[in-house]
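Computed from heavy atoms alone, side chains included, the values below leave out hydrogens, waters and symmetry copies. Letters go in sequence order (proteins before strands), and every chain restarts at 1.
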2 protein chains.
Amino acid sequence: MTTLKELAKLLNISVSTVSKALNDSHEISEQTKIRVHELAEKLNYKPNRIAQQLKTNKTKTIGVILPTVTNPFFAEVLHGVETAASKNDYDIIVCLSEETCAKEARSLELLSNGSVDGFIIAVARESQVKQQWDHIDSIIDRKIPVLMFDRVVKDIVCDKVIVDDFQSVYEATKYLIEEEKRKNILLISNIEELSVGKLRIKGYKQAVEENNLTSDVLKLDNVDDVEEALFNYLKKNKDIDAIISNDHITGIVAINMARKLGKEIPKDISVIGFGYENTQIISSPKISIIHQKAFEIGEISIKLLIENLNNEAHELQTIIVPSELKLSGSTKKA
Amino acid sequence: MTTLKELAKLLNISVSTVSKALNDSHEISEQTKIRVHELAEKLNYKPNRIAQQLKTNKTKTIGVILPTVTNPFFAEVLHGVETAASKNDYDIIVCLSEETCAKEARSLELLSNGSVDGFIIAVARESQVKQQWDHIDSIIDRKIPVLMFDRVVKDIVCDKVIVDDFQSVYEATKYLIEEEKRKNILLISNIEELSVGKLRIKGYKQAVEENNLTSDVLKLDNVDDVEEALFNYLKKNKDIDAIISNDHITGIVAINMARKLGKEIPKDISVIGFGYENTQIISSPKISIIHQKAFEIGEISIKLLIENLNNEAHELQTIIVPSELKLSGSTKKA
DNA sequence: TTGTACGCGTTATCAA
DNA sequence: TTGATAACGCGTACAA
C-alpha cells in the first residue's frame, strides 16, 4: 500500500505537505496540489484507514450482534442496517450470538477494545431466558453507545427500537373477532420465553377476553413439532375457526394441516401468521400476515445510534415501529 | 479506555515494562508481572485493537461481500462464514451489493484501504450479466487475497468455493427419469443469467437429452410471475409429469399450483426444488429438495482464505461442495 | 507556502 | 530485570 511517506519521497517534499495537499488545504499552492494529486492517483494512494482511526479515535464502524441470520426477520433487519450504515459511511462488523449468552458476551467483549464506535444488539434467547445481561451493562458502563432492538431488556438504559408486538396481535385478533365473526381462535407460539413472544400472547389474550371468548395457546418447543401437535390439537378441538401464529413458519404449516383435515380456508378457518418478503407467495391460499417492518427497524436503529455517536447531548429514546396487517386469501375479507 | 501509558503512570514504571508484563515476557520479574496484571484487571484494560493493527499491519478482519442476505442461501453462507471466522479470531465486515455492480465496487474500494486482510465475495447479478469485474481484478492486482464462492468468474484467478450446480441438477433429473419413469420434465428458472443458473439448466438438459426426452425451460423474470406463468403453462401442457425448480421458492409454488389444477402429488407429478433449513416444513406434501450445503460453503471459504492469508506459499484452488438430494413427499420414492 | 515535530497506543530493539 | 527510543501511517499545531 502506498503511504504519504512514499509520495513525499518521490516528490521531494515533506509528508505534511503531501497530507495537506491531499486534504485540499488552502495552505498549499495549486501547483504542488496538482503534482501531489497526480502522483497519488497514479499510485492509487488511499489513506490508511487504521491509521486514521488511531488518530481520530473513531472507527466509523458499528458492531451488530444478532441471535441468528437465517431467520428472515433478522436477515431483513441486517439488510436495513447495512443500507443505512453504508449511506452514512459506516462499516458494520456482524457477530451471531447463536442465541447463546456466552457467544454474545464474547463478541461484545472482543469488540469493545476500540474496534467499534457502538453496538446494535438483539439479545440472545438464552440471555433473555436466564435474565443475564451483565455483559451488556458492562459495555454501557464503559460509555460505549448501545442500541437494542426487537428483543429488548427493560432494565437496561439505552436507545431502543421495538415492534408493536402487543398491539399488532391485539389488532389481528380483534379483526378476526369483529370482522370475521370468529369465536374460537387458537394462538400458536414457540417463542413464549422471549419478551416479544410474551407481548404477542398478551395482545391475543386481551382481545379475546375483551370479547368474552376463551383463549387457548398451543405452545411448541420446536418448529419441527408443529405438524403433529397441530394435527392432534385440531382433531380434538374441531370448533377452532381461526389460528394466529406467532412466527413466520407455523402459520403456513397450519394452513396445510387444516386443508389436510378437510377444512376449507378461509370458509371454515382463518389463518394469520407473521411474515416477510416471500411468506405469502409460498402458501396456498396466500396467508394473511402481520408484516413487521424489519428493514425499517434496521435503518432506524442505525440512524439513531449514529445520532448518539455524533451528538454529545443525545437523549435516549425508544422508538416503536408499527407493523402492518396484510390480509390475503387465508382470511375472509382479504 | 485504559492505555498502557496510564497503567505505567499509576505503577510508576515504564510503558514498555507494562507491555512486556502483560505479554508474559520472560524478561519481567514475577512480582511486577503480578502488580501489572492486577491493576490491568482492576481497570479492565484491553489492548487497543486499532493500535495493534497499525503496528502489525494485520486487521484480523475479513470483508464479506454478498449480493443480498434475505435469500436463505446467502444467509446460511453468512452463518457459516461468521462461525468459522469467529473460531479463528477473525471479525467480518459485511457489505451487501444489492446485486448491483456499483455498490459492489464501492464496497471493495472502501475496504481496500487497509480495513481488511482479505475478501470473500459472491459477485452481484449485474456484474455477472454485464461481465464487469475490473473492480475485483483491481483488488487482486494489489495483492489483497480474494476468495469467490458460488457465483464465480472463470477469468478471475483466485481461490474459489463452488457448488456442484451442473451435477446436482443432472442427478436430480436422471433420478426422475430412471427411478420415477417421468417423461415430460419441466425446468423453472429465474436465474438463467447467472453462472450457477446456466449450469443448472445445462445439467438438466444433458440428463434429458441422454434419455432422448425433450427439454423445456420456463424462464421467469421475477418470482412474482410464477403463479400466472405456471398456471398458463400447465394448462397448455397437460402431459408434464415432473417439475424441477432452480430456486427455493418456485418449487413450492409449483406444488401448490399443481394441486390447484387437480393434480395429485406425487402420483401425477413430481416436484424437486432447491431448499434450505425450513423449505420442506412449509410445503405440503413436503417438497423434495436439492440441498446446497450453504453453511459448509461459508465455513470452507473462510478457512481457505485464512490459509491464504497466513501461508506465503499458498496455492490457489477451487473446491466443489457437493449438494445432497433430499427426497420427500413430492416425489414417489421418497 | 512549506517543513518540523509530536501524538494516537502498541510492540520491538537496544541500551542500561 | 527494566527503561528509553523508534516505528507503524496519519493529521495538525507550530515554526520557518
Side-chain angles (χ1 to χ4, degrees), chain A residues 1-37 39-40 43-61 89 110-117 142-144, chain B residues 1-37 39-40 43-61 89 110-117 142-144:
Chain A
M1 280 214 356
T2 319
T3 65
L4 285 183
K5 204 196 271 184
E6 287 168 34
L7 294 180
K9 200 166 205 173
L10 287 169
L11 292 168
N12 265 319
I13 55 179
S14 79
V15 172
S16 63
T17 307
V18 179
S19 172
K20 287 175 190 165
L22 288 172
N23 292 321
D24 259 337
S25 162
H26 55 273
E27 300 177 16
I28 305 296
S29 71
E30 274 309 311
Q31 209 185 2
T32 44
K33 271 190 194 173
I34 294 173
R35 284 181 63 215
V36 171
H37 273 109
L39 188 63
L43 299 186
N44 198 4
Y45 168 81
K46 294 204 203 73
N48 182 309
R49 182 90 177 291
I50 305 297
Q52 286 181 321
Q53 291 177 5
L54 184 61
K55 186 78 190 152
T56 61
N57 203 22
K58 296 214 167 127
T59 62
K60 288 278 240 168
T61 303
D89 293 319
L110 286 177
L111 293 182
S112 62
N113 58 2
S115 296
V116 301
D117 295 340
R142 280 180 262 161
K143 310 293 178 206
I144 303 177
Chain B
M1 278 211 1
T2 317
T3 66
L4 286 184
K5 203 196 271 183
E6 287 169 32
L7 294 179
K9 199 165 205 174
L10 288 169
L11 293 167
N12 264 318
I13 55 180
S14 79
V15 171
S16 55
T17 306
V18 178
S19 172
K20 286 174 190 165
L22 288 171
N23 291 320
D24 257 337
S25 164
H26 56 273
E27 300 176 16
I28 305 296
S29 71
E30 275 309 310
Q31 211 186 3
T32 45
K33 271 190 194 172
I34 293 174
R35 283 181 63 214
V36 171
H37 273 110
L39 187 64
L43 298 187
N44 198 3
Y45 167 81
K46 293 204 205 75
N48 182 308
R49 184 79 180 298
I50 305 297
Q52 286 180 321
Q53 291 177 175
L54 182 62
K55 188 74 190 153
T56 62
N57 203 23
K58 297 216 165 121
T59 63
K60 289 277 241 167
T61 304
D89 293 319
L110 286 177
L111 292 182
S112 63
N113 58 3
S115 297
V116 300
D117 295 339
R142 279 180 262 164
K143 309 294 179 205
I144 303 177

Participant: Just the rounded figure in Å: distance from P of D:dC8 to NZ of B:Lys58.
Facilitator: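 Answer to the nearest Å: 16 Å.
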Participant: Distance from A:Thr17 atom OG1 to A:Leu7 atom CG, nearest 0.5 Å?
Facilitator: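 Nearest 0.5 Å value for the OG1-CG distance: 12.0 Å.
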Participant: Out of C:dT4, D:dT2, D:dG11, which nucleotide sits closest to the side chain of A:Leu4?
Facilitator: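 Of C:dT4, D:dT2, D:dG11, D:dG11 is nearest to the side chain of A:Leu4.
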Participant: Does any N or O in the side chain of A:Lys46 come within less than 3.5 Å of the main-chain N or O of A:Met1, such that one atom is a donor and the other an acceptor?
Facilitator: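 Pair absent, no side-chain N/O of A:Lys46 close to backbone of A:Met1.
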Participant: Is B:Ser19 reaching over with its side chain to a backbone N or O of B:Val15, donor-acceptor style, under 3.5 angstrom?
Facilitator: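 No, the answer is negative, given that no donor and acceptor are paired below the 3.5 Å cut-off.
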Participant: Drop me the distance from B:Ile28's CD1 to B:Ile13's CD1, to the nearest 0.5 angstrom.
Facilitator: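 With rounding to 0.5 Å, CD1 (B:Ile28) is 8.0 Å from CD1 (B:Ile13).
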Participant: Are OP1 or OP2 of D:dT2 and a side-chain N or O of B:Thr32 less than 4.0 angstrom apart?
Facilitator: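 Checking B:Thr32 against D:dT2: at least one side-chain N or O falls below 4.0 Å of OP1 or OP2.
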Participant: To the side chain of B:Ser16, which of D:dG3, C:dG3, C:dT11 is closest?
Facilitator: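 Taking heavy atoms from C-beta onward, the closest nucleotide is D:dG3.
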Participant: What's the NZ-C1' distance between A:Lys9 and C:dG3, to the nearest Å?
Facilitator: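 Spelled out: NZ on A:Lys9 to C1' on C:dG3 is 17 Å.
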Participant: Measure the distance from CG on B:Leu11 to C1' on D:dT2 and round it to the nearest whole Å.
Facilitator: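 Going from CG in B:Leu11 over to C1' in D:dT2 covers 14 Å.
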Participant: Mind calculating the distance between CD1 (B:Ile28) and P (C:dT11) to the nearest angstrom?
Facilitator: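 It works out to 13 Å between those atoms.
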Participant: Could you tell me the separation between the CG atom of B:Leu54 and the C1' atom of D:dA7, rounded to a whole number of Å?
Facilitator: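 Result: 9 Å.
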Participant: With DNA chain D as reference, determine whether B:Asn12 or B:Lys55 sits nearer its 5' end, using the nearest nucleotide of each.
Facilitator: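 Whichever sits nearer the 5' end wins; that is B:Asn12.
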Participant: Hey, does the side chain of A:Gln52 come within less than 4.0 Å of D:dG9's phosphate (OP1/OP2), counting only N and O?
Facilitator: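 Looking at the OP1 and OP2 atoms of D:dG9, neither is under 4.0 Å from any side-chain N or O of A:Gln52.
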Participant: Rounded off to whole Å, could you give me the CG-to-P distance for the A:Leu22 and D:dC10 pair?
Facilitator: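 Interatomic distance, CG of A:Leu22 to P of D:dC10: 9 Å.
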Participant: Find the distance A:Gln53:CD to D:dC8:C1' and express it as a whole number of Å.
Facilitator: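 Rounding to the nearest Å, CD of A:Gln53 and C1' of D:dC8 are 14 Å apart.
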Participant: Between C:dC8, C:dT10, D:dA4, which nucleotide gets closest to the side-chain atoms of B:Ala51?
Facilitator: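 Side chain of B:Ala51 sits closest to C:dT10.
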Participant: For the side chain of A:Ile13, counting heavy atoms from C-beta on, which of D:dC8, D:dC10, C:dG3 is nearest?
Facilitator: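 From the listed options, C:dG3 comes nearest.
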Participant: Ignoring hydrogens and angles, tell me if any N or O in the side chain of A:Lys60 forms a donor-acceptor pair with the backbone of A:Gln53 under 3.5 Å.
Facilitator: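 No, A:Lys60 side chain to A:Gln53 backbone: no donor-acceptor pair under 3.5 Å.
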Participant: Check whether any side-chain nitrogen or oxygen of A:Ser19 sits under 4.0 Å from OP1 or OP2 of D:dG11, and answer yes or no.
Facilitator: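 So the side chain of A:Ser19 is within the cut-off, an N or O lying under 4.0 Å from OP1 or OP2 of D:dG11.
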Participant: Check whether any side-chain N or O of B:Asn48 sits under 3.5 Å from a backbone N or O of B:Ile50 as a donor-acceptor pair, and report yes or no.
Facilitator: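 Yes.
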Participant: Output the rounded distance in Å from CG (A:Asn23) to P (C:dT2).
Facilitator: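 Those two atoms, CG and P, are 15 Å apart.
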Participant: Should A:Lys20 be listed as having a side-chain N or O under 4.0 Å from OP1 or OP2 of D:dC10?
Facilitator: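 For D:dC10, neither OP1 nor OP2 has a side-chain N or O of A:Lys20 closer than 4.0 Å.
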Participant: Ignoring backbone atoms, establish whether A:Ser29 has a side-chain N or O less than 4.0 Å from OP1 or OP2 of C:dT2.
Facilitator: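 For C:dT2, OP1/OP2 do have a side-chain N/O of A:Ser29 under 4.0 Å.
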Participant: Would you say A:Tyr45 places a side-chain N or O within less than 4.0 Å of OP1 or OP2 belonging to D:dG9?
Facilitator: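 So the side-chain polar atoms of A:Tyr45 never come under 4.0 Å of the phosphate oxygens OP1 or OP2 of D:dG9.
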Participant: Which nucleotide in the list D:dC10, D:dT2, C:dT11 gets nearest to the side chain of B:Glu27?
Facilitator: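 Selected nucleotide: D:dT2.
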Participant: Taking only side-chain N and O atoms of A:Thr17, does any of them lie within less than 4.0 angstrom of OP1 or OP2 on C:dT1?
Facilitator: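 For A:Thr17, the contact criterion (side-chain N or O under 4.0 Å from OP1 or OP2 of C:dT1) is not met.
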Participant: Classify B:Asn48 by what it touches in the nucleic acid, base, sugar-phosphate, or nothing, heavy-atom distance under 4.0 Å.
Facilitator: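 Since only primed, P, OP1 and OP2 atoms lie under 4.0 Å of B:Asn48, the category is sugar-phosphate.
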